[in-house]
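In what follows, every heavy atom counts, from backbone to side chain, and hydrogens, waters and symmetry copies are set aside. All values reported here derive from a predicted model rather than from experimental measurement. The chain is numbered in sequence order, starting from 1. Whatever order the structure lists ligands and atoms in, that order sets their numbers, starting from 1.
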Amino acid sequence: MSPDTSNDATAQSPDQRPIAVVTGASSGIGAATARKLAEQGYHVVLGARRLDRVQEIAEEIGGTGRQLDVTDDDSVAAFVDGLDTVSVLVNNAGGAKGLDPVANADLDDWRWMWETNVLGSLRMTKALIPALIASGDGLIVAITSVAALEAYDNGAGYTSAKHAQAITHRTLRYELLGKPVRLTEICPGMVETEFSLVRFDGDEKRADAVYEGLTPLTAEDVAEVIGFVASRPPHVNLDQIVLKPRDQASARRNIKTG
Ligand code: 8X3
């Protein structure tokens, strides 16, 4: 199969490959997932705010790069335009900002976390449910976190957003019962990506310190699992997968914290 290298605006797969949409695809888990799914035969439509970056990856893997801000209704509408049949949606865009106790909650950080993780995933899912059903074998993958399973001190902005994103996704598992759409939640623990850099507002020293002294997961480790999920037959639904480094036992307990 010769890959389609056009980066055209129609985004409907011009070849016979099924379409996979990946949000937050400019780096980290999103970029690695886009590469993995392309390797497995999908025409991947990559979305992120950094258009040059998604176009670069799209060119490398024979997909389509489009600008996407999941917090913006118009941006989502433009992104999904022409995507009438979609086999896989990976809701990966999101992240954390800050590590403050509730008593000092920064409302702007909270708003950003709820807008990206919760409402961003909701916007994308709402927009693409008809296209996923139309594929006859759709799959929605929500990248949540161990923070969707636990509470931890100083993390409520993020844990509450991840819990809300996860519950919305788990609700859809009921609401789409009987429709040809599978739903999988991936709950990663520590993955060395730009995650901590964003959380600590670009403070590299603080971000690096998070992963020092242990072996975190890589974005590729997570992408490998998503590739496995996507390659199961239509009747097999992997509901929830929790994925942590061996060195991490829970959100706040790892070989450094004891
Ligand atoms: C982030 C998970 O374990 O790094 O989603 O806090 S952890």
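Taking any N or O of Q248, backbone or side chain, at least one lies under 3.5 Å from an N or O belonging to ligand 1. For ligand 1, one of its N or O atoms has an N or O atom of Y158 under 3.5 Å away.
Atom 6 (O) of ligand 1 has Y152 OH, 3.8 Å as its closest protein atom, hydrogens excluded (heavy atom only). Atom 2 (C) of ligand 1 has S145 OG, 3.4 Å as its closest protein atom, hydrogens excluded (heavy atom only).
Proximity to F195 (heavy-atom distance under 4.0 Å) selects the following atoms of ligand 1: 1 (C), 5 (O). Counting the atoms of ligand 1 from 1 in the order shown, those under 4.0 Å from a heavy atom of V146 are 2 (C), 3 (O).
Within the 4.0 Å heavy-atom criterion, the part of P188 lying near ligand 1 is the backbone and not the side chain.
Seen from the ring of F195, R199 does not count as a face-on cation partner, given the 6.0 Å and 45° thresholds.
Looking at E185 and T144, their side chains do bring a donor and an acceptor atom within 3.5 Å of each other. Checked by atom type, the side-chain pair T71/D69 shows a donor-acceptor distance below 3.5 Å. One side chain, T64 or H43, offers a donor N or O that lies under 3.5 Å from an acceptor on the other. With no hydrogens or angles considered, no side-chain donor-acceptor pair links S87 and D137 at under 3.5 Å.
Cluster annotation: Y152 is not connected to V102 through the hydrophobic network of ILVMFWY side chains, with a link wherever side-chain heavy atoms come within less than 4.5 Å.
Put simply, no part of A147 is less than 4.0 Å from ligand 1, judged by heavy atoms.
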